[in-house]
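Structure record follows, encoded as structure tokens.
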Amino acid sequence: MCGIAGYYGIRSIDSKKISSTLGLMKQRGPDAKGYVKEKIGKKNLYFLHTRLSIIDLKKRSNQPYKFKKNLMVFNGEIYNYIELKEYLKKQGYNFSTSSDTEVLIKMYDNLGEKAFDKLEGMWSIALFDLKKKKLLLSRDRFGEKPLYYKITKDGLYFGSETKFIQSLFNKKLKPNLKKCIDYLMYGYNSFGYGNNSFINTIKPIEPSTNLSINKNNDLKKTIYWSLNNIKKNKENNTKKIVKEIREILIFSIKQRLRSDVKDGFFLSGGIDSGSVVSVSSKIFKKKIN
């Protein structure tokens, strides 16, 4: 659960405001913090990151992370990063870390936005292409990781939480009272409804969506994945279906157990979370607390 935030526009943000914003972000990433500022023509780019270390705990994998002309901050985990790393090695890429961060930025270098078709994971990503002068914001398929943005005449702000955006914007923003009422009525489920947040002028990046803004301030929204595009399996052999589902479940859990720290499990009491713990314990011999 890392924290990301940033700004791209004509404003200049002083170092004290950057520092105080990183302080707000610490509860999402207590292990490391950092930021970069880049001058892009007449505009300024700020990328802020606080890290919760899960894969490759060394400083070499701290963010913001740069490769060639691409700069990135990233919250989440790419579960199939080992398989993607093998693919990239065959394309001639070398690696200096064992992190999914390095794999992710090099996948973008190799395939551009088509890289998102290859990712298995949960993420909120801000990536700036210094050559094309384009900012790209991406959120995972089901919106597991939060990512918000605000557009003003001075530029674009983004962050894992609305308070990070408010801090960088440095002005008090009006609350969205309808969203507050929805939350009081429907609880956590209200987060998935509507393209809005608790602040009127701050919106979430929608799941399965990439949002980009170029040097001319042209805004482009792309839906990179849809459940409707998944090819349906019309197999009617129950035993075969059960066997395939079991194999997929075991492999999926194997990928998600990749970690350089202890594993944690959320238990709802249902068959889904019970299956995850059972496979982890019985098949992968994980000691479960």
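FYI, side chains are in, hydrogens and waters are out, and symmetry mates aren't considered; it's all heavy atoms of this structure.
For NZ of Lys33, the number of neighbouring non-hydrogen atoms (other residues, nucleotides, ligands) closer than 6.0 Å is 12 at most. Within 6.0 Å of OH on Tyr186 lie no more than 12 heavy atoms contributed by other residues, nucleotides or ligands. Shown here is Ile230, whose CD1 atom has more than 12 heavy atoms of other residues, nucleotides or ligands within 6.0 Å. Within a 6.0 Å radius of NZ in Lys203, no more than 12 heavy atoms belonging to other residues, nucleotides or ligands are found.
A donor and an acceptor atom, one from each side chain of Asn44 and Lys39, are located under 3.5 Å apart. Between the side chains of Lys220 and Ser212, no donor N or O sits under 3.5 Å from an acceptor N or O. Looking only at atom types and distance, the side chain of Lys243 has no donor-acceptor partner in the side chain of Asn237 under 3.5 Å away. Defined by atom type and a distance below 3.5 Å, a donor-acceptor pair is present between the side-chain atoms of Tyr157 and Arg11.
A side chain to side chain contact (heavy atoms under 4.5 Å, CB included) with Phe158 holds for exactly one of Leu137, Leu211, Ile151; it is Leu137. Put simply, the residue from Arg60, Lys59, Lys58 that forms a salt bridge (charged side-chain N to carboxylate O under 4.0 Å, His left out) with Asp56 is Arg60.
Relative to the six-membered ring of Phe169, Lys150 meets both conditions, a distance below 6.0 Å and an angle of at most 45° to the axis.
Here Glu83 pairs with Arg258 in a salt bridge; the nearest charged N to carboxylate O distance falls below 4.0 Å. Ion pairing between Glu113 and Lys134 holds under the 4.0 Å rule for side-chain N and carboxylate O.
Considering only heavy atoms from C-beta on, Gln63 comes within 4.5 Å of Val73 through its side chain. Here the side chains of Lys66 and Val36 are not in contact, with every heavy-atom distance at 4.5 Å or above.
A ring-centre distance under 6.0 Å is not found for Tyr8 and Phe47.
Using a 30° and 60° split on the angle between ring planes, Phe142 and Trp225 fall in the perpendicular class, above 60°. Aromatic ring orientation, Tyr224 versus Trp123: parallel (interplanar angle below 30°, classes split at 30° and 60°). The aromatic rings of Phe67 and Tyr93 sit tilted, their planes meeting at an angle between 30° and 60°.
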